[in-house]
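One structure below.
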Amino acid sequence: MNKPLYIYNTLSRKKEEFKPLVEGHVGLYVCGPTVYSNSHLGHARPYITFDLLYRYLTFLGNKVRYVRNITDVGHLEDEVEGVGEDRIAKKARLEQLEPMEVVQKYMNTFQHNMDQLNIIRPSIEPRASGHIIEQIQMIEEILEQGYAYEINGSVYFDVEKYNKDYHYGKLSGRNLEDTLTNTRKLDGQDEKKNPFDFALWKKASPEHIMRWPSKWSDGFPGWHLECSTMSTKYLGEQFDIHGGGMDLTFPHHECEIAQNTASKGKEAVKYWMHNNMITINGQKMARSLGNFITLDELFSGTHEILEQPYSPMTIRFFILQAHYRSTVNFSNEALQASQKGLERLMSAVDVLGELKSSEASTVEIKGLQEKCFEALSDDLNSPIAIAHLFDGVKMINSIKAEKETISADDLQELKEFYHTMVFDILGLKKEDETASADNETVAGLMQLVISLRQNAKTAKDWATADKIRDKLKEIGIIVKDTKDGAEWEKE
RNA sequence: GGUCUCGUGGCCGAGCGGUUAGGCAGAGGUCUGCAAAACCUUGUACAGCGGUUCGAAUCCGCUCGAGACCUCCA
């Protein structure tokens, strides 16, 4: 594909042609989860979005280093009482666990859920707790440059000072003066020179469990710092793409820019990409709002608002059917539609494998492929690409129904194309794979059953033929009579 | 209050100045012993009111409604 890839850059608020700093190599950093409870549907969105990006960039011939952190140091939670408490530490106390035990538990389930969604694991999945030394180093650099100050064992970023030399707010489109007048007063911030200053290092209160020694105090790093530190460490002082959820744009990513710029004197990220939120009843799905459905609940159908379980691939397909910068609204109806649509797409891929070629094609293959790649190259427009794939489904079914024909060359090309698009780029996979050891046995048995039923049909013994079909249906096998004999598939 | 986004047919969701998006659901038909699948045909849209234009879902203004960020969040 020699069409350029365009991606929407939050910095410029428009689509830009993507050109890596080093041709053929792409550095990609995506903000990972804070592992203090189960992953929910909302989490699926960014990681599927950036998995698509990763897969597509790779398909386009790039070598991609994909870094996605695990936040295991915990973010400060602003309690009503004003006592900031570390989320992970809090959870640990509630569950009587070591903080690292909490982290391990939820990191495991997160990774398992991501595997289920067929999300390729990143090249590096660094943990904040493993980079305390690097974070301390970066704080020192920022202090040296004069953009931070220490007070009572804590270190804060001096936003006002920084804003004199650079623009704090360039990513989220705000200026400091407005921010100043509109920042809410929060408790426990008396130490800071200004309310919008943010912590680089925070002294731990006596009861705070997660703590590390530093020259300033026994404490822990500020929450924005880990991403600056780890992206720099693994991708360099400048790299190509930084991604994450829209809700992280401010303040998290704004702070990251400030930290990188303050410590290194230059901006790190060339393209900022942000995915939109998943909504439920029109409202953002978030842990803090308590309206979330965990991925495990979705896969098992155990949440009360779910009418049925939805498989990981249904979820993946559902998310890919919306553009990543639009909100996508959850509903049972929408997910059921995705499930059926996905089944139709996947069975067309199966049909493709059985198609017979003819002398010449009455169908046109090239245009379909171009349209799909064009869509993906236009800021990852997966819904458009999928729409074109469905046009292809119609084509494939017409060939099967012998209303259209396809040449051997075209058929080969079409097969490869669908394989690439569906499996490699969109990252969908077949879900009904039974244990392979069973498959041959089952296939043999089914062949026998089908042939016995065929005998019954030939003898016009409909009662027997229908009984076989009905009983098979009861155990989850669908029999379909076609012109070329009966076919079967698992439900 | 400030900044910003969005309102598309029964549902989800593209399009963003002139052309059928697509999926699911619905209706009719072909095929079939019946069923399923597949195929064909098909209806229902662009929140409202003004304006710009030969032409607007698409641009501008206003009204109404919804949401996001400004505090942890994917």
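This one's a predicted model, so the numbers in the text were calculated from it and none came from an experiment. Here is how names work: the chains are called A, B, and so on, in the same order as the sequence lines, proteins then strands, and each is numbered from 1. Because only heavy atoms are used, hydrogens play no part in the values below, and waters and symmetry mates are left out as well, while side chains stay in.
- Nucleotide B:rC4: paired with B:rG67 (Watson-Crick or G-U wobble, both distances less than 3.5 Å).
- In this structure, the side chain of A:Q308 does not engage the main chain of A:G301 through any donor-acceptor pair within 3.5 Å.
- The side chain of A:R174 lies closest to B:rC69, out of B:rG33, B:rG23, B:rC69.
- Using a 4.0 Å heavy-atom distance criterion, A:D481 is classed as a base contact.
- A cation-pi geometry, defined here as NZ or CZ lying under 6.0 Å from the six-membered ring centre and within 45° of its normal, holds between A:R68 and A:Y47.
- The base of B:rC34 lies close enough to the side chain of A:R469 for a donor and an acceptor atom to sit less than 3.5 Å apart.
- Taking only distance into account, the side chain of A:D247 never meets the base of B:rC72 through a donor-acceptor pair shorter than 3.5 Å.
- Distance check on atom P: B:rC54 versus B:rG22 gives 32 Å, rounded to whole Å.
- Nucleotide B:rA57 forms a pair with no other nucleotide shown, judged by Watson-Crick or G-U wobble geometry with both contacts under 3.5 Å.
- The six-membered or imidazole ring of A:F417 lies near that of A:F373, with a centre-to-centre distance under 6.0 Å.
- Comparing B:rG9 with B:rU3, their P atoms sit 31 Å apart, to the nearest whole Å.
- As judged by a 4.0 angstrom heavy-atom cut-off over every strand, A:M246 is placed among residues making no nucleic acid contact.
- Nucleotides B:rU19 and B:rC62 are separated by 28 Å at their P atoms, to the nearest Å.
- The existence of a salt bridge linking A:R453 and A:D481 is confirmed by a sub-4.0 Å separation between a basic side-chain nitrogen and an acidic carboxylate oxygen.
- Taking atom CD1 on A:I468 and atom C1' on B:rA35, their separation rounds to 15 Å, with Å as the unit.
- For the pair A:R469 and A:D466, the salt-bridge criterion is met [side-chain N within less than 4.0 Å of a carboxylate O].
- With distances taken from any side-chain atom of A:K403 to the nucleotides B:rC12, B:rG13, B:rC39, the minimum falls on B:rC39.
- If you measure from atom CG of A:N175 to atom P of B:rC70, you get 17 Å, rounded to the nearest angstrom.
- Taking side-chain N and O atoms only, A:N381 has a distance below 4.0 Å to OP1 or OP2 of B:rG15.
- One atom, CZ of A:F330, and another, P of B:rC11, lie 16 Å apart when rounded to the nearest Å.
- Taking the P atom of each, B:rU5 and B:rC60 are spaced 11 Å apart, rounded to whole Å.
- When rounded to the nearest whole Å, the span between CE of A:M107 and P of B:rA74 equals 16 Å.
- A donor-acceptor contact under 3.5 Å is not formed by the side chain of A:K394 with the base of B:rC39.
- Comparing the P positions of B:rU52 and B:rG10 gives a spacing of 32 Å, expressed to the nearest Å.
- Contacts of A:G282 with the nucleic acid, taken as non-hydrogen atoms under 4.0 Å apart, involve only primed sugar atoms and P, OP1 or OP2.
- At the heavy-atom level, A:I278 lies under 4.0 Å from base atoms of the strands shown.
- The distance from atom CZ of A:F390 to atom C1' of B:rG22 is 8 Å, rounded to the nearest whole Å.
- Side-chain proximity of A:A322 to B:rG13, B:rA68, B:rC24: nearest is B:rG13.
- Across all strands shown, B:rC62 forms a Watson-Crick or G-U wobble pair, both distances under 3.5 Å, with B:rG48.
- Counting any heavy atom pair closer than 4.0 Å across all strands shown, A:H388 reaches no nucleic acid atom.
- In terms of phosphate contacts, A:N329 brings a side-chain nitrogen or oxygen within less than 4.0 Å of OP1 or OP2 of B:rC12.
- Using a 4.5 Å heavy-atom cutoff, the side chains of A:L355 and A:K415 are not in contact.
- Remark: B:rG22 base-pairs with B:rC12; criterion is Watson-Crick or G-U wobble with both hydrogen-bond distances under 3.5 Å.
- Among the atoms of the strands shown, base atoms are found under 4.0 Å from some heavy atom of A:A387.
- In this structure, of B:rC12, B:rA74, B:rC72, it is B:rA74 that holds the atom nearest to the side chain of A:N275.
- Taking only side-chain atoms of A:H43, from C-beta outward, the nucleotide of B:rC12, B:rA74, B:rC70 with the closest atom is B:rA74.
- Across B:rC72, B:rC24, B:rG23, the shortest atom-to-atom separation from the side chain of A:Q321 is found for B:rG23.
- Under the Watson-Crick or G-U wobble criterion, with both distances below 3.5 Å, B:rA38 is paired with B:rU30.
- Going from the P atom of B:rG67 to that of B:rC73 covers 23 Å, rounded to whole Å.
- Mapping A:I384 and A:G32 onto RNA chain B by nearest heavy atom places A:I384 at the nucleotide closer to the 5' end.
- Checking B:rC73, B:rG23, B:rC70 against the side-chain heavy atoms of A:K284 singles out B:rC73 as nearest.
- The side chain of A:P383 approaches B:rG13 more closely than any other nucleotide in the set B:rC69, B:rG13, B:rA74.
- Residue A:F198 is tested with A:F157, A:W223, A:Y156 for a ring-ring contact (aromatic ring centres under 6.0 Å, His included); the sole match is A:F157.
- The side chain of A:R453 approaches B:rG33 more closely than any other nucleotide in the set B:rG33, B:rG22, B:rU71.
- Spacing between B:rG28 and B:rG18 at atom P, rounded to whole Å, works out to 36 Å.
- At the phosphate of B:rA74, OP1 or OP2 sits under 4.0 Å from a side-chain N or O atom of A:R287.
- The distance between atom NZ of A:K457 and atom P of B:rA35, rounded to the nearest whole Å, is 13 Å.
- A:S326 comes within 4.0 angstrom of the backbone, heavy atoms only, and of no base.
- Regarding contacts with the backbone of B:rG23, a side-chain N or O of A:R344 is found under 4.0 angstrom from either OP1 or OP2.
- One finds a salt bridge joining A:R316 and A:D51 here, because a Lys/Arg side-chain nitrogen approaches an Asp/Glu carboxylate oxygen to under 4.0 Å.
- If you look at A:H323 and A:Y8, their ring centroids are not closer than 6.0 Å.
- Within 4.0 Å of A:Q283, counting heavy atoms only, lie sugar-phosphate atoms of the nucleic acid but no base atom.
- Ring stacking is absent between A:Y47 and B:rA74, as the pair misses the limits of under 5.5 Å between centres and under 30 degrees between planes.
- For the OP1/OP2 pair of B:rC70 and a distance below 4.0 Å, the side-chain nitrogens and oxygens of A:S172 include no atom meeting the criterion.
- One C1' atom belongs to B:rA21, the other to B:rC12, and the distance between them is 14 Å to the nearest Å.
- A donor atom on one side chain and an acceptor atom on the other are found under 3.5 Å apart for A:T10 and A:H274.
- For B:rG33, the base has a donor-acceptor partner in the side chain of A:D466 [N/O atoms by modelled type, under 3.5 angstrom].
- If you check every strand for non-hydrogen atoms under 4.0 Å, A:V479 touches a base.
- One can place NE2 of A:H224 at 10 Å from P of B:rU71, the figure rounded to the nearest angstrom.
- In this structure, A:I450 places its CD1 atom 19 Å from P of B:rA35, rounding to the nearest Å.
- Comparing A:K480 and A:L289 against RNA chain B, the residue whose closest nucleotide sits nearer the 5' end is A:K480.
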